[in-house]
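Report on one structure; see the data block that follows.
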There are 2 protein chains.
Amino acid sequence: MLTPHGASDKAHPTKQSTAPMATDRTRAAILNAAEQLYAERGFSEVTLRDIVAAAGVNLAAVNYHFGSKDELIAELFVTRSIATNRERLNELKAAEENGGGRAPIEAVIRALVGPTLRGCLGPDREGATAARFMIRASIEAVPPIRKIRNREISHLRRFAVAMQRSLPDIPEVDIYWGLHFALAMAHQTIRDSERLDKLSNGLCDLDDVEGIIARVVTAASLALTTKRPTTATAKAQRA
Amino acid sequence: MLTPHGASDKAHPTKQSTAPMATDRTRAAILNAAEQLYAERGFSEVTLRDIVAAAGVNLAAVNYHFGSKDELIAELFVTRSIATNRERLNELKAAEENGGGRAPIEAVIRALVGPTLRGCLGPDREGATAARFMIRASIEAVPPIRKIRNREISHLRRFAVAMQRSLPDIPEVDIYWGLHFALAMAHQTIRDSERLDKLSNGLCDLDDVEGIIARVVTAASLALTTKRPTTATAKAQRA
DNA sequence: TTGCAATTCAAACAGTTGTATGAAACTATC
DNA sequence: GATAGTTTCATACAACTGTTTGAATTGCAA
């Protein structure tokens with residue numbers, strides 16, 4: 001046997017008869033190094049040689065443990081995706097239980113954008129690389145990720161439902177736009193925080209994560225709850 | 001002589017003594033093909049060989065006319081950047097003249113996000129590749145572009161000033177956040193229109209460009225003009 | 001037409017990429 | 001301690017990248 005890289009046998013991923021897996025230390029080292037490098041430089045700027053150098057392992061280890069570069073990226077993305085989604089859902093569930101199954105819209109949006117914003121912008125660097133990796137993944141959308149990414153839709157749908165529950169009178173289409181805008185603001189703030197910092201001459205405090213979250217939540221909530229101008233009004237504005 | 005690629009001589013870019021430039025047809029063909037391919041596939045997925053194949057020219061023509069791949073990208077970006085900025089400023093100027101030097105905030109934001117949204121999402125495909133190229137450029141931020149991109153800041157500052165003029169009572173920091181959020185929503189809508197379409201099961205009409213612009217403008221204006229919750233309120237919401 | 005520069009072209013270059021190979025080193029069971 | 005499995009390692013491979021080269025071809029002025 002020369003290639004384990006995942007499900008080699010059929011049933012249990014646990015130890016089989018003749019004890020195969022010894023340490024998994026190099027496997028973990030590769031995952032950590034890859035996540036870190038991808039998060040800070042982006043996929044197209046990081047080679048397998050960069051990764052193995054940072055991990056202190058041999059070049060062939062990647063293909064031995066993961067099969068290919070793409071499968072490494074995919075595993076990274078799946079793992080982090082699950083973690084992020086769980087974080088979001090926990091916050092959502094807590095908010096819904098607080099309100100007897102119906103959370104205020106602000107809490108729903110906060111559950112949606114909070115974890116990622118905290119992870120990426122927070123001064124505490126714990127989980128920062130994980131969050132930044134996810135941002136990279138959503139920015140570059142490299143082929144191995146693109147295939148998996150569709151699952152995110154069903155995850156987001158849960159939040160759309162929660163939002164609809166908390167705003168029963170808002171048309172469904174507006175819910176989707178609100179969700180979309182909330183993610184857009186959170187996302188872009190992470191990705192382009194440098195530009196905002198320069199543009200405002202440092203006036204926008206990007207270390208005040210909770211303040212930023214509040215801004216995003218407020219803006220998205222307002223867009224949802226305030227009736228937007230009618231088509232006639234909009235047309236007049238355009239003129 | 002073997003390399004013209006831009007400013008070979010000193011003063012005039014017009015014809016010099018011994019008539020140099022004959023047709024510039026291949027040069028234009030390269031620019032068009034490159035813009036198109038970069039716009040639809042992204043920088044990291046397009047090679048010079050792809051470009052010259054699409055342009056119907058020889059591989060060496062790129063280095064002959066532009067010097068290097070990076071200089072080709074840079075020229076493309078500078079050209080399109082100037083065009084986009086001019087479009088925005090024209091719309092802003094028109095709006096300001098309409099209101100005697102003080103345009104309503106909606107008009108300012110519309111001038112900021114309108115041209116790009118129209119270019120990328122409009123059913124009329126004229127200028128679509130140009131706008132999409134700019135989006136790619138801002139997404140991938142490849143090295144040759146990163147250097148030039150700082151100029152965009154001073155361009156955006158003009159809009160910050162216009163916004164401040166139309167909302168004199170709003171704190172400066174809020175102006176920057178509003179500008180940032182407006183761009184974020186417009187930008188993400190272009191980049192991830194596919195996800196929104198899937199998430200909403202086609203409910204969000206992405207062909208209705210003016211409707212989308214109205215949504216972005218309204219959301220951003222609301223975020224600017226509606227007093228956001230005080231810190232105490234926000235804190236209570238977080239709990 | 002002749003001559004000279006600008007332009008095009010096929011081919012090759014040097015560097016980097018992800019992947020594959022086969023031998024060595026290790027680990028744990030017998 | 002021998003053995004069979006795994007993991008590691010140095011190295012090679014084939015494919016692809018942007019770039020260069022030098023010879024052909026073109027276009028225009030004399």
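Chain letters run A, B, ... following the sequence lines, proteins first, then strands; residues in each count from 1. The figures that follow rest on heavy atoms only: side chains count, while hydrogens, waters and symmetry mates do not.
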Once you round it to whole Å, what is the distance between [atom2] of [N] and [atom1] of [X]?
X	N	atom1	atom2	value
B/R49	C/dT16	CZ	P	16 Å
A/I51	C/dG18	CD1	C1'	11 Å
A/D24	D/dT7	CG	P	8 Å
B/F66	D/dT20	CZ	P	15 Å
B/R25	C/dT8	CZ	P	8 Å
A/K69	C/dG18	NZ	P	4 Å
B/N63	D/dG22	CG	P	16 Å

Shortest non-hydrogen contact from A/L59 to A/V52?
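Shortest heavy-atom separation between A/L59 and A/V52 comes out as CA-CG1, 3.8 Å.
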
How would you list, by chain and number, every residue that makes a salt bridge (Lys or Arg N to Asp or Glu O under 4.0 Å) with [X], sequence neighbours excluded?
X	result
B/K198	B/E194
B/E140	B/R136
A/D208	none

Taking only the side-chain heavy atoms of [X] (C-beta and beyond), determine which of [options] contains the nearest atom.
X	options	answer
A/S68	D/dT19, D/dT7, C/dT19	C/dT19
A/L48	D/dG18, C/dT19, C/dT7	C/dT19
B/Y64	C/dT8, D/dG18, C/dT19	C/dT8

I need the full list of salt bridge (Lys or Arg N to Asp or Glu O under 4.0 Å) pairs touching [range], with sequence neighbours left out, sorted by first then second residue.
range	answer
residues 54-75 of chain A	A/R27-A/E75
residues 34-47 of chain B	B/E35-B/R80, B/R41-B/D50
residues 182-192 of chain B	A/R149-B/D192, B/D192-B/R195

ring-ring contact (aromatic ring centres under 6.0 Å, His included) contacts in which one or both residues fall within residues 135-162 of chain B, not counting sequence neighbours
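Counting only pairs at least two positions apart or across chains, the ring-ring contact (aromatic ring centres under 6.0 Å, His included) contacts touching residues 135-162 of chain B are B/H155-B/F159.
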
is_close_aromatic(B/F43, B/F133), centroid dist under 6.0 Å
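Centroid separation for B/F43 and B/F133: below 6.0 Å.
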
Output one line per pair: protein atom, nucleotide atom from nucleotides 9-11 of chain C, and distance, for all N/O pairs under 3.5 Å.
residue	atom	partner	partner atom	Å
C/dC9	OP2	B/N58	N	3.3
C/dA10	OP2	B/N58	ND2	3.4
C/dA10	N7	B/N58	ND2	3.4

Strand-adjacent residues in residues 37-45 of chain A, judged by heavy atoms under 4.0 Å from DNA chain C
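The stretch gives none, as no residue of it lies under 4.0 Å from the strand.
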
Verify the contact: side-chain N or O of A/H65 to OP1 or OP2 of D/dT6, cut-off strictly under 4.0 Å; return yes or no.
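For D/dT6, neither OP1 nor OP2 has a side-chain N or O of A/H65 closer than 4.0 Å.
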
